[in-house]
Amino acid sequence: MAASETPLYDRVVRVTHVYLGPAADRFIARQVQNHLHKAPESLSEKDLLRLVDWVRVAVSLITEDKEIVEEYVSKLRQLATEHTQNSEG
Amino acid sequence: MSHVSSAIRWYIVLAVTYLGFAMLLPANKAAVHNYHLSSAGYHSLLLAILLPYIGIWFAAFYGAAKLHDYAELIKETPEGLGFTLIAKGFQWLAWGLPVPALISLWLNSIANAHPGFLPSALIISNYINVVVALVAFHLVGQGTRDLTTLTKSRLSTTEARTILLVFLTLGVAFCFFIFRHLNLHSLGSTSNPYYLPAWVLIPTLIIPYLYAWFTGLLAAYEIILYGRHVSGVFYRQALSLLASGMTSVIASLIFVQYVRSVAPRAGHLSLNTTLLFINITFIFMAIGFVLMSFAASKLKRIEEV
């Protein structure tokens with residue numbers, strides 16, 4: 001998939017894989033396309049926080065376990081912070 | 001039209017046809033005589049026995065269709081083929097409940113009017129059931145094998161030995177119970193409840209049943225194995241529900257086929273402990289199909305949100 005050429009996208013999928021397994025790539029691609037109206041491969045750090053908000057909404061429809069949802073969302077937020085720091089550095 | 005609404009339409013057609021024939025066909029002479037029933041009494045008793053089955057068929061059709069819906073949704077993905085094969089296998093199992101029952105009902109009604117046809121009716125019913133088991137368990141087994149290949153999970157030596165031990169115990173006991181009904185001094189004799197000589201019965205019914213059950217048991221274990229090795233907390237939760245449902249359905253079906261083989265069909269209504277055991281097992285089967293439909297809905301939601 002072309003999206004795998006984008007390291008940021010890859011890292012988001014890698015985090016998601018822990019929660020959604022084989023469906024992770026498809027899930028993130030869908031969120032980016034449907035809510036950010038972008039091609040998955042063009043996901044940028046500016047989109048990340050908006051993506052995290054959409055992911056939280058989507059995952060809340062899959063499970064009622066708020067603790068796991070928060071854990072997943074905080075890992076994605078951490079990714080956003082790391083990415084910003086790396087870019088600034 | 002979704003697979004679920006199509007499955008429900010077919011279910012209604014089959015259920016109404018089955019109940020209609022069961023109520024309209026003449027009362028079985030042997031059952032009426034054995035239980036001192038009037039024709040109306042016979043049909044009332046038959047209805048009371050058949051209604052729970054009709055409910056179980058609904059669970060089966062609904063569960064299999066939900067799984068088919070999910071498989072269709074992910075058909076282009078690496079797991080697509082595995083789930084498609086599993087869904088097809090469970091469709092065979094779901095259809096394998098009403099269709100053989102309907103055919104048996106017609107055949108037994110012919111035998112009721114022409115007693116000389118009873119052996120043919122029982123032979124045909126037995127072969128239809130073995131074909132359904134073979135095809136269904138083969139498809140499910142192919143599907144689970146495909147999924148375990150993706151996660152590179154294989155049985156450990158201990159697990160393989162345990163499955164083999166369970167299967168051997170099941171198989172040896174099955175042969176023992178079947179052979180009790182046969183005249184082993186004359187392998188060509190057909191004077192047994194299966195109306196087949198032993199040399200035909202062993203390769204065409206006993207061995208195919210044992211093969212189908214082994215494939216089914218292995219498939220049940222492989223889906224558990226896939227659920228254990230696949231990543232994804234939410235995905236694994238749904239998959240563990242699916243594995244429980246599939247295992248319950250496969251184990252119940254094997255038990256029903258086992259009991260029906262070792263306690264041969266009479267070709268008419270028999271109120272005995274076999275019927276009681278089969279009915280209890282059917283409840284577990286229905287629970288299994290319900291669990292499968294819940295799991296398929298959860299998996300589908302992951303792919304849709």
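The figures here come from the full heavy-atom set of this structure, side chains too, leaving out hydrogens, waters and symmetry mates. Here is how names work: the chains are called A, B, and so on, in the same order as the sequence lines, proteins then strands, and each is numbered from 1. Predicted model only: the values in this text are computed from it and were never measured.
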Item to check | Plane angle bin for B:Y11 and B:F61 - parallel if under 30°, tilted between 30 and 60°, otherwise perpendicular | outcome: tilted
Checklist entry - Do the rings of B:H3 and B:H68 sit parallel, tilted or perpendicular, given the 30° and 60° boundaries? => result parallel
Do [X] and [Y] make a side-chain contact, defined as non-hydrogen atoms from C-beta onward lying under 4.5 Å apart?
X      : Y      : value
A:Y19  : B:I302 : no
B:M285 : B:F255 : no
B:R9   : B:V13  : no
B:L97  : B:Y53  : no

Look up atom [atom1] in [X] and atom [atom2] in [Y], then write down how far apart they are to the nearest 0.5 Å.
X      : Y      : atom1 : atom2 : result
B:L73  : B:R301 : CG    : CZ    : 13.0 Å
B:I223 : B:I250 : CD1   : CD1   : 9.0 Å
A:L48  : A:R77  : CG    : CZ    : 9.5 Å
B:L299 : B:I74  : CG    : CD1   : 7.5 Å

Item to check | Residues of residues 63-72 of chain A contacting chain B, heavy-atom criterion under 4.5 Å, by residue number | outcome: A:T63, A:I68
Item to check | Contacting moiety of B:E79, where chain A heavy atoms sit under 4.5 Å | outcome: side chain
Next on the checklist: If the contact rule is any heavy atom under 4.5 Å from chain A, which residues of residues 229-236 of chain B qualify, in numerical order?
Outcome noted: B:V230, B:S231, B:G232, B:V233, B:F234, B:Y235
Item to check | Contacting moiety of A:F27, where chain B heavy atoms sit under 4.5 Å | outcome: side chain
Next on the checklist: Before we go on, tell me: are the rings of B:F289 and B:Y62 under 6.0 Å apart, centre to centre?
Outcome noted: no
Next on the checklist: Let's test your reading of the structure: which of A:V18, A:V57, A:N34, A:V59 forms the most heavy-atom pairs below 4.5 Å with chain B?
Outcome noted: A:V18
